[in-house]
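This one's a predicted model, so the numbers in the text were calculated from it and none came from an experiment. Numbers restart at 1 for each chain; the letters A, B, ... are given by sequence-line order, proteins then strands.
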2 protein chains.
Amino acid sequence: MSNEIDKKLEQKNIKPTAMRELVYEVLDKNKKALSLYEIEQQFENVERSTIFRTLKTFQDKLLIHSVDDGSGAVKYALCDDDCTCSLDDLHYHFLCTKCGQTHCLKNMPIPKVDLPEGFNFENANFVIKGTCPNCQG
Amino acid sequence: MSNEIDKKLEQKNIKPTAMRELVYEVLDKNKKALSLYEIEQQFENVERSTIFRTLKTFQDKLLIHSVDDGSGAVKYALCDDDCTCSLDDLHYHFLCTKCGQTHCLKNMPIPKVDLPEGFNFENANFVIKGTCPNCQG
DNA sequence: GAATCACATGCAACAGTATTGCAAAGTTAT
DNA sequence: ATAACTTTGCAATACTGTTGCATGTGATTC
């Protein structure tokens with residue numbers, strides 16, 4: 001039944017369990033970055049800590065990436081199939097100040113940055129805040 | 001004695017009190033963005049909430065700006081004299097993954113971003129992670 | 001100078017998110 | 001079936017941020 005998902009999990013060396021399939025499904029379905037709490041809300045009786053550890057596993061295995069958008073909670077979103085969470089895969093994120101949703105702007109890679117002497121680039125987190133298409137008017 | 005600092009505070013319509021002078025001094029002295037906790041550490045017996053409210057006041061009056069660098073704690077840094085915390089004053093921040101220090105790259109304004117249709121820019125938070133000049137080797 | 005007022009501070013309590021220890025349940029290999 | 005290992009659920013805790021309330025302090029008015 002959830003063969004598709006299992007395949008995705010196994011591709012990233014994650015043992016597919018019921019829990020993991022469900023969390024994956026939620027992330028896949030929502031098409032945006034979700035916080036631990038938001039994911040928890042989509043289930044009836046699932047432990048926060050379980051989801052927390054599931055997300056941690058996913059992140060370690062590069063299945064998802066996390067964004068700290070300044071909303072107070074870290075949010076998680078699926079990586080693209082070919083994502084290696086390397087520098088080239090970094091993209092902008094957009095936090096809507098009205099609805100609180102965080103969108104991955106995956107087609108907007110972050111630009112090269114010329115850092116001052118002595119600074120060494122490892123990673124970046126570029127978050128833009130404003131209103132999203134759903135909240136215009 | 002702290003006339004210089006008082007002047008800065010009054011310029012921004014902040015009544016200068018002992019507490020506020022001290023917090024300002026700490027921020028000024030450190031030349032980098034500090035978390036509430038880090039500021040608290042530099043005093044002996046000062047209430048967290050007092051510093052918290054002092055920072056809030058400073059921020060309301062545009063004396064400081066805050067950065068959420070993803071380290072788990074929001075950090076605060078003095079604005080430049082002519083800063084109005086408007087879009088033009090936004091700059092990159094750099095979080096060192098070794099020492100945990102957050103540097104304001106004030107001479108690096110963030111670039112204009114072309115957002116997809118429907119997205120409306122209000123604010124931005126660009127944090128680069130890596131190693132800082134003090135932690136090379 | 002005393003009464004009054006506005007604001008700042010300190011204390012304590014609380015809220016939200018993240019995180020861990022431990023035991024039970026489930027899975028895999030032998 | 002047993003042993004070894006992994007995942008899950010529960011409970012407890014840590015950390016950061018935040019607020020209510022009482023007290024203190026300085027400015028203002030009379």
Fill in the blank from the handout: Letter by letter from the 5' end, nucleotides 9-24 of chain D scores (B base, S sugar-phosphate only, - none; protein heavy atoms under 4.0 Å) BB-----SSSBB----

Practice task
Let me have a per-nucleotide readout for nucleotides 25-30 of chain C, 5' to 3', with B, S or -, counting only protein heavy atoms under 4.0 Å.
Solution key: ------

Tell me whether [X] shares a hydrophobic cluster with [Y], the cluster being built from Ile, Leu, Val, Met, Phe, Trp, Tyr side chains joined at under 4.5 Å.
{"X": "B:L63", "Y": "B:I39", "answer": "yes"}
{"X": "B:L115", "Y": "B:F126", "answer": "yes"}
{"X": "B:F119", "Y": "B:I110", "answer": "yes"}

Let me know the distance between [atom1] of [X] and [atom2] of [N], rounded to the nearest Å.
{"X": "B:R20", "N": "C:dC7", "atom1": "CZ", "atom2": "P", "result": "11 Å"}
{"X": "B:F43", "N": "C:dG10", "atom1": "CZ", "atom2": "C1'", "result": "15 Å"}
{"X": "A:F58", "N": "D:dT7", "atom1": "CZ", "atom2": "C1'", "result": "12 Å"}
{"X": "A:I51", "N": "C:dA18", "atom1": "CD1", "atom2": "P", "result": "12 Å"}
{"X": "B:E40", "N": "C:dG10", "atom1": "CD", "atom2": "P", "result": "12 Å"}
{"X": "B:L22", "N": "C:dG10", "atom1": "CG", "atom2": "P", "result": "10 Å"}
{"X": "A:K61", "N": "D:dT6", "atom1": "NZ", "atom2": "C1'", "result": "12 Å"}

Handout entry: Short N-O contact, A:D69 and A:K129, less than 4.0 angstrom
Key = no

Practice task
Can you label the angle between the A:H91 ring and the A:H65 ring as parallel, tilted or perpendicular, going by 30° and 60°?
Solution key: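 The arrangement is perpendicular - the two ring planes meet at more than 60°.
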
Problem - Straight-line distance of A:R20 CZ to A:L55 CG, nearest 0.5 Å - result: 11.0 Å

Handout entry: Crowding at CZ, A:F43 (>12 non-hydrogen neighbours, <6.0 Å)
Key = yes

Exercise for the section: State whether B:T17 places a side-chain N or O below 4.0 Å from either non-bridging phosphate oxygen (OP1 or OP2) of C:dC7. Expected result: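 No, B:T17 has no side-chain N/O under 4.0 Å of OP1/OP2 on C:dC7.
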
Exercise for the section: Measure centre to centre between the rings of B:Y76 and B:F52, then say whether the value is under 6.0 Å. Expected result: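 When the ring centroids of B:Y76 and B:F52 are compared, they turn out to be at least 6.0 Å apart.
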
Practice task
Verify side-chain contact (heavy atoms from CB on, under 4.5 Å) between B:Q59 and B:I64, making sure each step is shown before the conclusion.
Solution key: CA-CA 5 Å; B:Q59 199 168 7; B:I64 62 176; 4.2 Å; yes

